[in-house]
K.L.:
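The following block contains the structure, expressed as structure tokens.
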Amino acid sequence: MSGTFVGMPAFPEAAHEAVNNPTLRANLRHATHTIRAKRAVAVSELDDWAALREAGKQIKDHTLRHLDRYLVQLEESVTAAGGVVHWAADADEANRIVVELVRATGESEVVKVKSMATQEIGLNEALEAAGIHAYETDLAELIVQLGKDRPSHILVPAIHRNRGEIRDIFTREMSEWGRPAPEGLTDTPAELAEAARLHLREKFLRAKVGVSGANFMVAETGTMMVVESEGNGRMCLTLPETLISVVGIEKTVPTWRDLEVFLQTLPRSSTAERMNPYTSMWTGTTDSDTADGPRTFHLVLIDNGRTDTLADEVGRQALRCIRCSACLNVCPVYERAGGHAYGSVYPGPIGAILSPQLRGTQSEIDASLPYASSLCGACYEVCPVAIDIPEVLVHLRERIAEGGPVTREGNKAVLKPAKGHAAERAAMRAARWAFGHPGALRTGQRLASRTRRFHPRTLPGPGRAWSDTRDLPAVPAEPFRDWWQRTQGGKDVPK
Amino acid sequence: MSSRELILGRVRRALADVPRDDTPYEQAVPRGYLREHGARSVAETVDLLAENLADYRALVHRCAAGELAATIAGLLAAHGSASVVVPAGLDETWLAATGVTRVPDRAEDTSAELDRVDSVVTGCALAIAETGTLVLDGGPDQGRRRITLVPDHHICVVRVPGQVVSSVPQALERLDPGRPLTWISGPSATSDIELDRVEGVHGPRTLEVVLVSGG
Ligand code: SF4
């Protein structure tokens, strides 16, 4: 993944810093609670939500289980529609391919649609090193890029910045990159958005090369889809002559019809809207008499740790993720720690299971990520593709503490148990955090009650030695706190 | 070995646990979800479309076929537009009552030229009531994708009830994936600054929808 995060402290230290930053915590709390409440309303409008969620889960699972077949079909469809498909085993190769494609156009700048895949591979840095300027055009990504910062949320990457900070960044930095911020810019959101509109429009109108990701790729038809709000995506996808889309292999779905599921679940889970303002779908290039959109289309399919993740039968479900960010907004740990603490482009609960699988757990940050959770299960409940994040967290903790078989760059390897007491230390720090935050602990216990029939009789990870010779106490059907609250200590049991 | 072979090989090895007779796609994916939500009459579906469009801050107007030219002329005048982009296959009668300068949608025109035009008038492929969404598919009365993107004012005409479907599944059924598709739900918007919604960052800041009946 991107070198941006090299040298990041492990999760507990990074989180500690964030927890002590009151502005950050207030911003995050406001944002996550707002979206969370809206999402619940948007979801309740659809009385078949459970069936849509199940269909989404099965579509993605089925695709992953036959991914070789669907990738080949996708390649055929895209090629037949006039696109060119490239395959990249890792970040370096993907970056090399994109740099060469841009060079071949003779251009030295590209406009970009917000894309997690290109952040993951560090494409902007690679382009910069090759003398090519990459302009982020999503407002939040622009704020992050101008502020020489890192995104902290999947959907609202500049969630950690308030309006005053954004005004200062625009005033200070815009002139370095193109059209300066207007004189006397205030910090009202409307004025800030207008400044961004003017600054970026000049880039859109002259852009010859666009770079994007894709939310979905349809194997049957070769159709690519991007959802967005601002119209910057439409600008990058339709105005330039050349379009280069860099997409993880797991974004494939088998058929055109499958989009009917995700076009209902993604917007409602993500921005809590019935539908996001703009969705673009394109299939290769259109023929020359219509001349609509780019004349040249390149699709770069990236692996970069995905096939290793696929090799883990428990962990592979993380590849179902459609990046809606609902799990971030309900996570009590994310709400306090913020996105930067996760040390990867994928923050929050999904980051805690995806990053250590894509990158492996050699680094301290990646080994600490599966402990960045209270296992309260709220992430699983909101996930529109039903990824059992707590299950994968426990699985990864066990893997880190005990070692075991893993796949790295396609090769089978055996992971050694975490050295010394590293895992234990990470677990203990996480536990201390949870006990210091009663709300999180309570939800954790509730989940433990609800799921108790799945609990192992021995402890995973470093606790195993202890539980080898003892049975774990059964988890009660209802946490004590809940029982107390319901019955006021047994005095008022409802008849 | 090419990266293609390398990646496909890794995928196949990673899936060694998947049995050869794994449940086929048709049975693996349950389609128990609804084709549309709630039972509505045709008129109610059109009302829902109008309601949801307005909820996302599109300006909704309704008129009969005979009033369409006057309605469009009025909207262009109210917006103060001096020029309008016209897709090649737009029904000529729609613009019969306005005198603003017409700019044809031509492939050779640059984006910068398009940026100087005030408004655009198009038809649509269909509209989705449950989500308040207009779908354009590059048809003759809609033109290239960029003409509904660069000008700041978009007037979109929807024939009701003929072009209205209830739901997303019904919409996909009727669309051709081979065409370039743009789904529009309200004007361009961002919530990136402290989650305050601001309209019109890059796309048109004003979206007006004319629901025309009896056409
Ligand atoms: S894990 Fe689920 S809830 Fe989280 S971002 Fe992915 S799809 Fe959304």
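Lettering of chains follows the sequences in order, A, B, ..., and the numbering in each one begins at 1.
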K.L.:
Is any side-chain heavy atom of V11(B) closer than 4.5 Å to one of R69(A)?
P.N.:
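A side-chain contact under 4.5 Å is absent here.
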K.L.:
Which answer fits L175(B), side chain, backbone, both or neither, if we ask what part of it has an atom under 4.5 Å from a heavy atom of chain A?
P.N.:
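Both the backbone and the side chain of L175(B) come within 4.5 Å of chain A.
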K.L.:
Quick check on S2(B) against chain A: is it the side chain, the backbone, both or neither that has a heavy atom closer than 4.5 Å?
P.N.:
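For S2(B), there is no contact with chain A at all, as no heavy atom is under 4.5 Å.
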K.L.:
Is there a donor in the side chain of S188(B) and an acceptor in the side chain of E230(A), or the other way round, less than 3.5 Å apart?
P.N.:
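No - no donor-acceptor pair under 3.5 Å links their side chains.
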K.L.:
Check whether R201(A) gets within reach of chain B through its side chain, its backbone, both or neither, counting any heavy atom under 4.5 Å.
P.N.:
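Contact with chain B involves the side chain of R201(A) alone.
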K.L.:
If you count heavy-atom pairs under 4.5 Å with chain B, which of Q58(A), R197(A), H86(A) comes out on top?
P.N.:
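So the answer, after comparing Q58(A), R197(A), H86(A), is R197(A).
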K.L.:
Under a 4.5 Å heavy-atom cutoff, which of L237(A), N232(A), T223(A) has the most pairs with chain B?
P.N.:
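Top count of heavy-atom pairs under 4.5 Å with chain B: N232(A).
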K.L.:
Which one wins on heavy-atom pair count under 4.5 Å against chain A: P177(B), P24(B), A88(B), S3(B)?
P.N.:
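Option with the top pair count is P177(B).
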K.L.:
Do any of residues 256-266 of chain A come closer than 4.5 Å to chain B, heavy atom to heavy atom, and if so which ones, in number order?
P.N.:
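Result: W256(A), R257(A), D258(A), L259(A), E260(A), V261(A), L263(A), Q264(A).
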K.L.:
Output yes when R316(A) and D17(B) qualify as a salt bridge under the 4.0 Å nitrogen-oxygen rule, no when they do not.
P.N.:
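Salt bridge flag = yes for D17(B) with R316(A).
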K.L.:
Could you look at N276(A) and say if it's the side chain, the backbone, both or neither that has a heavy atom under 4.5 Å from chain B?
P.N.:
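The backbone, not the side chain.
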K.L.:
Going by heavy atoms in the side chains, are V168(B) and M275(A) under 4.5 Å from each other?
P.N.:
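SC-SC contact between V168(B) and M275(A) confirmed.
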K.L.:
Among V198(B), L172(B), T110(B), who wins on heavy-atom pairs under 4.5 Å with chain A?
P.N.:
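Of V198(B), L172(B), T110(B), L172(B) has the most heavy-atom pairs under 4.5 Å with chain A.
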K.L.:
Could you state the interatomic distance from CZ (R10(B)) to CD1 (I249(A)), rounded to the nearest 0.5 Å?
P.N.:
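Those atoms lie 9.0 Å apart.
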K.L.:
Quick check: closest heavy atoms across L15(B) and H66(A), and the distance to 0.1 Å?
P.N.:
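The pair with the smallest heavy-atom distance is CD1-N, 4.2 Å.
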K.L.:
Please evaluate residues L34(B) and D47(A) with respect to the criterion side-chain contact (heavy atoms from CB on, under 4.5 Å), reporting the C-alpha separation (whole Å), side-chain torsions for both, the decisive distance (0.1 Å), and the verdict.
P.N.:
CA-CA 9 Å; L34(B) 304 169; D47(A) 28 357; 4.0 Å; yes
K.L.:
Under a 4.5 Å heavy-atom cut-off, does chain B meet the side chain of A88(A), its backbone, both or neither?
P.N.:
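Only the backbone of A88(A) comes within 4.5 Å of chain B.
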K.L.:
Taking atom types as modelled and ignoring hydrogens, do the side chains of S185(B) and E273(A) form a donor-acceptor contact shorter than 3.5 angstrom?
P.N.:
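On atom types as modelled, these side chains do not qualify, holding no pair under 3.5 Å.
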K.L.:
Go through the side-chain N and O atoms of R234(A) and T148(B) and say whether any donor and acceptor fall under 3.5 Å apart.
P.N.:
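Judged by distance alone, the side chains do pair up.
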K.L.:
Ignoring hydrogens, what is the shortest heavy-atom contact between D292(A) and P180(B)? Give both atom names and the distance.
P.N.:
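Shortest heavy-atom separation between D292(A) and P180(B) comes out as OD2-CG, 3.6 Å.
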K.L.:
Roughly how far, to the nearest 0.5 Å, is CG of L52(A) from CZ of R31(B)?
P.N.:
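The CZ atom of R31(B) sits 10.5 Å away from the CG atom of L52(A).
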K.L.:
Select one option (side chain, backbone, both, neither) describing which atoms of V135(B) are under 4.5 Å from chain A's heavy atoms.
P.N.:
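For V135(B), neither part sits under 4.5 Å from chain A.
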K.L.:
Between M281(A) and W183(B), is the side-chain contact (heavy atoms from CB on, under 4.5 Å) condition met? List the steps.
P.N.:
CA-CA 8 Å; M281(A) 299 182 207; W183(B) 295 39; 3.3 Å; yes
K.L.:
Go through the atoms of L149(B) and report whether side chain, backbone, both or neither lie under 4.5 Å from a heavy atom of chain A.
P.N.:
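Both the backbone and the side chain of L149(B) come within 4.5 Å of chain A.
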K.L.:
Ignoring hydrogens, what is the shortest heavy-atom contact between F204(A) and H202(B)? Give both atom names and the distance.
P.N.:
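Scanning both residues, the minimum pair turns out to be CE1-ND1, 3.6 Å.
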K.L.:
With a 4.5 angstrom heavy-atom cut-off, is it the side chain or the backbone of T182(B) that approaches chain A, or both, or neither?
P.N.:
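Both parts, heavy atoms under 4.5 Å.
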K.L.:
Could you tell me whether E5(B) atom CD has more than 12 heavy atoms of other residues or ligands within 6.0 Å of it?
P.N.:
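Enclosed.
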K.L.:
What part of V201(B) lies closer than 4.5 angstrom to a heavy atom of chain A: side chain, backbone, both or neither?
P.N.:
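V201(B) touches chain A through backbone and side-chain heavy atoms alike.
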K.L.:
Side chains of T255(A) and Y25(B), heavy atoms from C-beta outward: is any pair under 4.5 Å?
P.N.:
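Side chain of T255(A) against side chain of Y25(B), heavy atoms only: contact under 4.5 Å found.
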K.L.:
Could you tell me which portion of L71(A) (side chain, backbone, both or neither) has an atom closer than 4.5 angstrom to a non-hydrogen atom of chain B?
P.N.:
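L71(A) touches chain B through side-chain heavy atoms alone.
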K.L.:
Is any side-chain heavy atom of W282(A) less than 4.5 Å from a side-chain heavy atom of R145(B)?
P.N.:
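Result yes, sub-4.5 Å side-chain heavy-atom pair found.
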K.L.:
Which heavy atom of A291(A) sits nearest a heavy atom of R144(B), and at what distance?
P.N.:
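Shortest heavy-atom contact: O-CD, 3.3 Å.
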K.L.:
Using heavy-atom distances under 4.5 Å, tell me whether R57(B) contacts chain A through its side chain, its backbone, both, or neither.
P.N.:
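Neither part.
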K.L.:
Side chain, backbone, both or neither: which part of L64(A) has a non-hydrogen atom closer than 4.5 Å to chain B?
P.N.:
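Contact with chain B: backbone only.
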K.L.:
In terms of heavy-atom pairs under 4.5 Å with chain A, which of D115(B), L6(B), T133(B), L136(B) leads?
P.N.:
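Greatest number of close heavy-atom pairs with chain A: D115(B).
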K.L.:
Given heavy-atom pairs under 4.5 angstrom as the criterion, report whether the side chain, backbone, both or neither of A81(A) touches chain B.
P.N.:
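Neither part.
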K.L.:
Among R206(A), M225(A), E220(A), E75(A), who wins on heavy-atom pairs under 4.5 Å with chain B?
P.N.:
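Among R206(A), M225(A), E220(A), E75(A), the one with the most close pairs to chain B is E75(A).
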K.L.:
Does any heavy atom of chain B fall under 4.5 Å from the side chain of I166(A), the backbone, both, or neither of them?
P.N.:
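I166(A) touches chain B through side-chain heavy atoms alone.
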K.L.:
Kindly say whether R146(B) contributes a backbone atom to a donor-acceptor pair with the side chain of T238(A) at under 3.5 angstrom?
P.N.:
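Judged by distance alone, no pair lies under 3.5 Å.
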K.L.:
Search all heavy atoms of V29(B) against all heavy atoms of A55(A) and return the closest pair with its distance.
P.N.:
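Closest approach of V29(B) to A55(A), heavy atoms only: CG1-O, 4.3 Å.
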K.L.:
Do you know which of T221(A), T283(A), L139(A) has the most heavy-atom pairs under 4.5 Å to chain B?
P.N.:
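Result: the option with the highest number of such pairs is L139(A).
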K.L.:
Quick check on R179(B) against chain A: is it the side chain, the backbone, both or neither that has a heavy atom closer than 4.5 Å?
P.N.:
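Backbone of R179(B) only, per the 4.5 Å heavy-atom cut-off to chain A.
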K.L.:
Heavy atoms only, distances under 4.5 angstrom: which of T309(A), I35(A), T279(A), T63(A) has the most pairs with chain B? Name it, please.
P.N.:
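Highest number of heavy-atom pairs under 4.5 Å: T279(A).
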K.L.:
In terms of heavy-atom proximity below 4.5 Å to chain B, should T271(A) be classed as side chain, backbone, both, or neither?
P.N.:
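Contact with chain B: none, neither part.
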K.L.:
Spell out, as yes or no, whether a donor-acceptor pair under 3.5 Å connects the side chain of R65(A) to the backbone of D22(B).
P.N.:
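Between the backbone of D22(B) and the side chain of R65(A) there is no qualifying donor-acceptor contact (under 3.5 Å).
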K.L.:
Which region of P187(B), side chain (C-beta onward) or backbone (N, CA, C, O), has a non-hydrogen atom less than 4.5 Å from a non-hydrogen atom of chain A, or is it both or neither?
P.N.:
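The backbone, not the side chain.
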K.L.:
Quick one: do T190(B) and S229(A) satisfy side-chain contact (heavy atoms from CB on, under 4.5 Å)? Show the steps, please.
P.N.:
CA-CA 6 Å; T190(B) 183; S229(A) 292; 5.9 Å; no
K.L.:
Are the side chains of R13(B) and K412(A) in contact, using a 4.5 Å heavy-atom criterion?
P.N.:
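Counting from C-beta outward, K412(A) and R13(B) never come under 4.5 Å.
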K.L.:
Using modelled atom types only, decide if a donor and an acceptor are shared between the side chain of D303(A) and the backbone of I7(B) within a distance under 3.5 Å.
P.N.:
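Not confirmed, D303(A) side chain does not pair with I7(B) backbone.
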K.L.:
Which of the residues E409(A), H153(A), E202(A) is involved in the greatest number of heavy-atom pairs with chain B at under 4.5 angstrom?
P.N.:
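It is E409(A).
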K.L.:
Highest number of heavy-atom pairs under 4.5 Å with chain A: which of A28(B), S111(B), G143(B)?
P.N.:
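Most heavy-atom pairs within the cutoff with chain A belong to S111(B).
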K.L.:
Begin from the C-alpha positions of R274(A) and D55(B) and carry the test side-chain contact (heavy atoms from CB on, under 4.5 Å) through to its verdict.
P.N.:
CA-CA 10 Å; R274(A) 290 183 199 106; D55(B) 197 29; 3.0 Å; yes
